[in-house]
Amino acid sequence: MALENYFDALLSVVGGIPTTMALALLSFAIGMGLGSILLLVRFFLPKPLSWFASAYVEAFRGTPLLVQIFIIYFGVGGFLKDYGINIDPFTAGVIALGLNSAAYQAEIFRSAVQAIPVEQYLTAEAYAFGKTQTFRYIILPQALRIALPALMNEMVLLIKDSSLVSVIGVTPPDIFRRADYYASRHFTYFEAYLAAATI
């Protein structure tokens with residue numbers, strides 16, 4: 001490995017950080033919003049809706065993320081194109097990553113809520129708290145504290161998984177895409193991908 005090629009690739013790949021971070025942050029926000037809704041549906045709404053939320057979680061956790069990206073961009077995007085609505089690769093990537101992250105974040109929230117000791121529910125009931133009041137004032141603050149480390153892990157995973165959207169040609173190019181461009185131009189694949197991995 002030529003060290004100068006590695007540093008040259010590193011400088012080229014750094015330019016992809018804003019796109020990668022934008023993909024990860026927007027997807028995380030979508031995941032958190034939708035994941036919270038899924039949690040509420042599973043805990044508070046009737047069984048058929050709860051089953052639908054569970055099916056959503058299992059479907060997105062049980063299928064490859066790359067397939068989901070293709071379905072959103074080529075499948076849904078192609079369908080909407082017939083009606084004059086174009087989805088650009090960046091938007092499709094954010095939607096696919098966000099929908100996938102929502103399934104994982106819903107599970108993180110569920111496990112955090114279930115980690116609260118049952119005595120807390122009984123105490124709230126003794127003080128005549130309703131189900132919504134118990135959840136809002138007692139369970140939710142503690143569950144968020146419990147879920148925080150796992151949510152940070154999910155954010156790190158999103159940063160890494162965002163490299164998958166390079167296959168649909170996200171522009172401006174993310175870290176992996178820039179590494180790919182560099183490798184193709186200079187035929188220094190090892191240095192280019194090592195630079196991407198370093199970042």
Side-chain angles (χ1 to χ4, degrees), residues 18-73 75-77 79-80 85 87 90-165 174:
T19 303
T20 295
M21 290 309 295
L23 281 165
L25 288 171
L26 290 171
S27 306
F28 187 80
I30 290 173
M32 179 164 274
L34 189 55
S36 305
I37 292 170
L38 289 169
L39 171 75
L40 295 175
V41 168
R42 292 170 88 177
F43 274 90
F44 291 106
L45 294 187
K47 283 287 181 194
L49 290 173
S50 173
W51 292 335
F52 175 78
S54 297
Y56 174 94
V57 170
E58 294 307 319
F60 275 89
R61 291 179 70 207
T63 53
L65 177 56
L66 188 59
V67 174
Q68 294 166 21
I69 291 169
F70 280 178
I71 288 174
I72 297 293
Y73 184 61
V76 178
F79 175 77
L80 292 176
I85 302 171
I87 299 181
F90 183 87
T91 306
V94 167
I95 292 171
L97 288 171
L99 293 176
N100 182 273
S101 181
Y104 285 94
Q105 291 194 45
E107 283 298 278
I108 291 170
F109 293 142
R110 183 186 61 79
S111 61
V113 167
Q114 289 180 337
I116 307 294
V118 70
E119 289 79 11
Q120 305 245 359
Y121 293 91
L122 297 174
T123 305
E125 194 178 335
Y127 280 97
F129 276 41
K131 197 172 179 181
T132 308
Q133 285 178 311
T134 303
F135 188 80
R136 183 177 173 188
Y137 296 115
I138 297 175
I139 305 303
L140 191 59
Q142 298 180 79
L144 284 176
R145 185 175 54 80
I146 294 169
L148 200 56
L151 287 173
M152 291 301 100
N153 281 341
E154 175 61 18
M155 181 66 195
V156 172
L157 284 175
L158 271 174
I159 292 172
K160 291 193 282 187
D161 287 345
S162 67
S163 65
L164 288 174
V165 302
D174 66 328

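Computed from a predicted model, the values in this text were never measured in an experiment. What you see below is based on every heavy atom in this structure, not just the backbone, and it leaves out hydrogens, waters and symmetry mates.
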Q) At what distance, to the nearest 0.5 angstrom, does CG of Leu65 lie from CG of Asn100? A) 4.5 Å
Q. Does Gln68 reach the side chain of Ile71, with side-chain heavy atoms less than 4.5 Å apart?
A. no
Q: Please tell me if the side chains of Phe109 and Arg42 come closer than 4.5 Å, counting only heavy atoms from C-beta onward.
A: no
**Q.** Side chain Thr63, main chain Ala59, donor-acceptor under 3.5 Å
**A.** yes
Q | Side chain proximity check, Phe43 to Arg110, heavy atoms < 4.5 angstrom | A | yes
Q.
I'd like to know if the side chain of Glu154 pairs up with that of Ser101 as donor and acceptor (distance under 3.5 Å, no hydrogens or angles considered).
A. yes
Q: Could you tell me the separation between the CE atom of Met155 and the CG atom of Leu157, rounded to the nearest 0.5 Å?
A: 10.5 Å
Q: Measure across Gln133 and Gly130 and return the closest heavy-atom pair with its distance rounded to 0.1 Å.
A: OE1-N, 3.1 Å
Q. Between Tyr104 and Phe60, does the ring centroid distance fall short of 6.0 Å?
A. no
Q.
Is there a side-chain contact between Ser50 and Leu45 in this structure, where contact means two heavy atoms from C-beta onward sitting under 4.5 Å apart?
A. no
Q) Can you check whether Leu99's main-chain N or O pairs, donor with acceptor, with Tyr56's side chain at less than 3.5 Å? A) yes
Q: Could you check Leu151, Leu97, Leu23 and say which one makes a side chain to side chain contact (heavy atoms under 4.5 Å, CB included) with Phe28?
A: Leu151
Would you tabulate the side-chain donor-acceptor contacts of residues 136-149 under 3.5 Å, counting partners in other chains and residues two or more places apart, or write 'none'?
from: Gln142; atom 1: OE1; to: Gln120; atom 2: NE2; distance (Å): 3.4
from: Gln142; atom 1: NE2; to: Gln120; atom 2: OE1; distance (Å): 2.9
from: Gln142; atom 1: NE2; to: Ile138; atom 2: O; distance (Å): 2.8

Q) Side chain of Thr91, backbone of Ile87: donor and acceptor closer than 3.5 Å? A) no
Q: Flag the pair Thr19 / Phe90 as yes when at least one side-chain heavy-atom distance between them is below 4.5 Å, and no otherwise.
A: yes
**Q.** Closest non-hydrogen atom pair between Phe129 and Thr134, with its separation
**A.** CB-OG1, 3.4 Å
Q | Phe52/Val57 under side chain to side chain contact (heavy atoms under 4.5 Å, CB included): CA gap, chis, key distance, verdict | A | CA-CA 9 Å; Phe52 175 78; Val57 170; over 6 Å; no
Q) Would you say Glu58's side chain and Ala55's backbone share a donor-acceptor pair under 3.5 angstrom? A) no
Q | Value rounded to 0.5 Å, distance of CG in Leu25 from CD1 in Ile30 | A | 11.5 Å
Q: With the side chain counted from C-beta on, respond yes when Gln105 and Leu38 share a heavy-atom pair under 4.5 Å apart, and no when they do not.
A: no
Q) Roughly how far, to the nearest 0.5 Å, is the CG atom of Asp174 from the OG1 atom of Thr20? A) 4.5 Å
Q | Separation of Leu158 CG from Lys160 NZ (nearest 0.5 Å) | A | 11.0 Å
Q) In this structure, are over 12 heavy atoms from other groups packed under 6.0 Å from Phe44 atom CZ? A) yes
